[in-house]
Amino acid sequence: MNDVRVFNFAAGPSQLPLEVLEEASKELINYKGSGQSVMEMSHRSKEFEEILNDAEKNLRSLLFIGDNYRIVFLQGGGTLQFSMVPLNLLRKSKKADYVVTGSWSKKAFSEAEKYGDALVVASSEKDNFTWIPKLKREDFRADADYVHITHNNTIYGTRFSEIPDTGDIPLVADMSSSILSQEIDVSKFGLIYAGAQKNIGPSGVTIAIIREDIIGHAPDTCPTYLDYKIHVDNNSLYNTPPCFGIYIAGEVFKLLLKRGGVKAMEEINQEKASLLYRAIEASSLYTCPVNEEDRSLMNVVFVTGSEALDKKFVSEAKAQGMINLGGHRSIGGMRASIYNAMPMEGVKALVDFMDKFEKANK
Ligand code: PMP
């Protein structure tokens, strides 16, 4: 680890791979001899077109995305997807079924309610979102236009360890905090979206992976920018895209391919998460409120049982170079976000600190 760098456990924006930052800093003022930075470059230039096409191609290889899916690079974060999804996908019955597993899915649901007959088919809210509902095909309305899930719940530290079977109903997944962290069978989904600022790159880029048959059905009243088709037809260049963010995302994709792809990342992520969960289980100070089988690989939440001690933990960890360990402002406690770019070394340092902190605060 570089001496000046901290271990950043933030939920996003979060740590990026040092190799990517170093490479980008070399290319910052003169990208591959073009005499300019990617930030200054025309989005219609040959250089940028190559960056964009390579990013798309590499993401396709990383996730084994079939030819019947299109990839677009958008703006507006996961939040704008909460509106784009119903605007584009509510087309026949105008029914949309939502599985509510946290604040982000609640927000997604509220947007869908504005445009159609949105229904919460399952929710774990009564238990403060500490588990993931088990769903069968019969739980969804047979004529729903789509089903929406939040694959990984960044705030509550849960994830779907099994993807619900929705039969012919397109399944839409918010993978903002899990994309590229584990292998996923894209063919099970109608649409996957993710903000970039956790596992991909800087904030400002949002990726959508859309099955072809669900593109092109937005109503005429849909704002042009919010119609997936306009972005698909224009290869993400309908308007000026977030060029620099796409470039960094592309560099991250290249690095992941070099490191053995998503399968290799998943193995490391499993190891990192188990190290942390095992430390929590073994301790008599920390507890993880999440149902064991639903625990996230990316966001590990834990508490000491005392708010004051939680605060002390977060500030002492910060002094040791482990920053942003406080839980989301809505739930408190601690949360260690351990995305792809968090090295094992960072998790080991955290586990070490947890042990020392426990001994010192008996
Ligand atoms: N979905 C999930 C799962 C998230 O974690 C977040 C943000 N942390 C969002 C959506 C909202 O994303 P954005 O801030 O990019 O709009």
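In each ligand, atom 1 is the first atom listed, and ligand 1 is the first ligand listed.
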Quick one: side chains of residues 194-205, donor-acceptor pairs under 3.5 Å with protein atoms, not counting sequence neighbours, listed by atom name and distance.
unit_1	atom_1	unit_2	atom_2	d
Lys198	NZ	Ala11	O	3.0
Asn199	OD1	Asn340	N	2.9
Asn199	ND2	Ile179	O	3.1

Would you mind writing out a table of all protein N or O atoms found under 3.5 Å from any N or O atom of ligand 1, naming both atoms and giving the distance to 0.1 Å?
unit_1	atom_1	unit_2	atom_2	d
ligand 1	1 (N)	Asp174	OD2	2.6
ligand 1	5 (O)	Trp104	NE1	3.3
ligand 1	5 (O)	Thr154	OG1	2.4
ligand 1	8 (N)	Lys198	NZ	2.8
ligand 1	15 (O)	Gly78	N	3.1
ligand 1	15 (O)	Gln197	NE2	2.9
ligand 1	16 (O)	Gly78	N	3.2
ligand 1	16 (O)	Thr79	N	2.9
ligand 1	16 (O)	Thr79	OG1	2.5

CG/Asp168: more than 12 non-hydrogen atoms of other groups inside 6.0 Å:
no
Where the side chain of Asp294 meets the backbone of Thr158, is there a donor-acceptor pair that is under 3.5 Å apart?
no
Should Ile268 and Leu350 be regarded as members of a common hydrophobic cluster, given that ILVMFWY residues are connected when their side-chain heavy atoms come within less than 4.5 Å of each other, either directly or indirectly?
no
Between Asn88 and Leu226, is there a donor-acceptor pair closer than 3.5 Å when you use the side chain of the first and the backbone of the second?
yes
So that I know where these two stand, are Tyr156 and His328 an aromatic pair - ring centroids less than 6.0 Å apart?
no
